[in-house]
**Student:** 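Let me begin by handing over the structure; questions about it come next.
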Amino acid sequence: MRLTYDPAHNIAYLSFADRPAEVETVCVSDVLNVDLAEDGTVYGIELLDANRQLLHGDAMRLVVTNAVSGTTTEVALSA
């Protein structure tokens, strides 16, 4: 799994596998798109207006928590 973030366009992309030859993009809302592979599996999730969706509080950081171990990692995001 890989999370990429483009601060210039404020878009984040969470991919679950190497990109297949073709994907179908399903627009779930104004700020969420899901890419599906030909077999229907989810390839990736695109977050538009990513700062609002990913940031923890007012800080410019992404907080990732492992639900099993309880460990937390913070990654600074540039504006």
Side-chain angles (χ1 to χ4, degrees):
M1 180 170 49
R2 177 184 194 140
L3 175 68
T4 56
Y5 172 67
D6 178 352
H9 295 98
N10 194 20
I11 296 172
Y13 196 84
L14 182 62
S15 58
F16 300 105
D18 291 334
R19 187 174 182 90
E22 293 190 29
V23 296
E24 176 186 356
T25 301
V26 177
C27 180
V28 177
S29 73
D30 290 341
V31 294
L32 177 67
N33 295 320
V34 176
D35 287 337
L36 302 174
E38 287 183 337
D39 66 0
T41 59
V42 175
Y43 161 73
I45 299 171
E46 181 180 47
L47 301 172
L48 308 175
D49 194 13
N51 285 346
R52 185 175 59 83
Q53 297 189 68
L54 294 176
L55 295 179
H56 180 72
D58 292 329
M60 292 297 293
R61 60 194 168 104
L62 170 66
V63 178
V64 180
T65 302
N66 182 320
V68 175
S69 69
T71 58
T72 298
T73 304
E74 295 184 19
V75 178
L77 298 177
S78 59

**Student:** Can any side-chain N or O of T65 pair as donor or acceptor with the backbone N or O of A67 at less than 3.5 Å?
**Tutor:** no
**Student:** Enter the distance from L14:CG to L47:CG here, rounded to the nearest 0.5 Å.
**Tutor:** 7.5 Å
**Student:** Could you list the donor-acceptor pairs under 3.5 angstrom formed between side-chain atoms of residues 37-45 and any protein atom two or more places apart in sequence or on another chain?
**Tutor:**
| residue | atom | partner | partner atom | Å |
| --- | --- | --- | --- | --- |
| D39 | OD1 | T41 | N | 3.0 |
| D39 | OD1 | T41 | OG1 | 2.8 |

**Student:** If hydrophobic clusters are built by linking Ile, Leu, Val, Met, Phe, Trp and Tyr wherever their side-chain heavy atoms come under 4.5 Å apart, do I11 and M1 end up in the same one?
**Tutor:** no
**Student:** How many angstroms lie between atom OH of Y5 and atom CG of N10, to the nearest 0.5 angstrom?
**Tutor:** 4.5 Å
**Student:** CG of D6: more than 12 outside heavy atoms within 6.0 angstrom?
**Tutor:** yes
**Student:** Indicate yes or no: at least one non-hydrogen side-chain atom of L48 is less than 4.5 angstrom from one of D30.
**Tutor:** no
**Student:** Quick one: closest heavy-atom pair of A12 and A50, and the distance?
**Tutor:** N-CB, 3.6 Å
**Student:** So, using side-chain hydrogen bond (donor to acceptor under 3.5 Å, both in side chains) as the criterion, who are the partners of D35 when residues are at least two apart?
**Tutor:** Y13, T25
**Student:** Shared ILVMFWY cluster between F16 and V34, side chains joined below 4.5 angstrom?
**Tutor:** yes
**Student:** With N66, which residues qualify under side chain to side chain contact (heavy atoms under 4.5 Å, CB included), at least two apart?
**Tutor:** V68, S69, T71
**Student:** Using the rule that two of Ile, Leu, Val, Met, Phe, Trp, Tyr join whenever any of their side-chain heavy atoms come within less than 4.5 Å, decide whether V23 and V28 are in one cluster.
**Tutor:** no
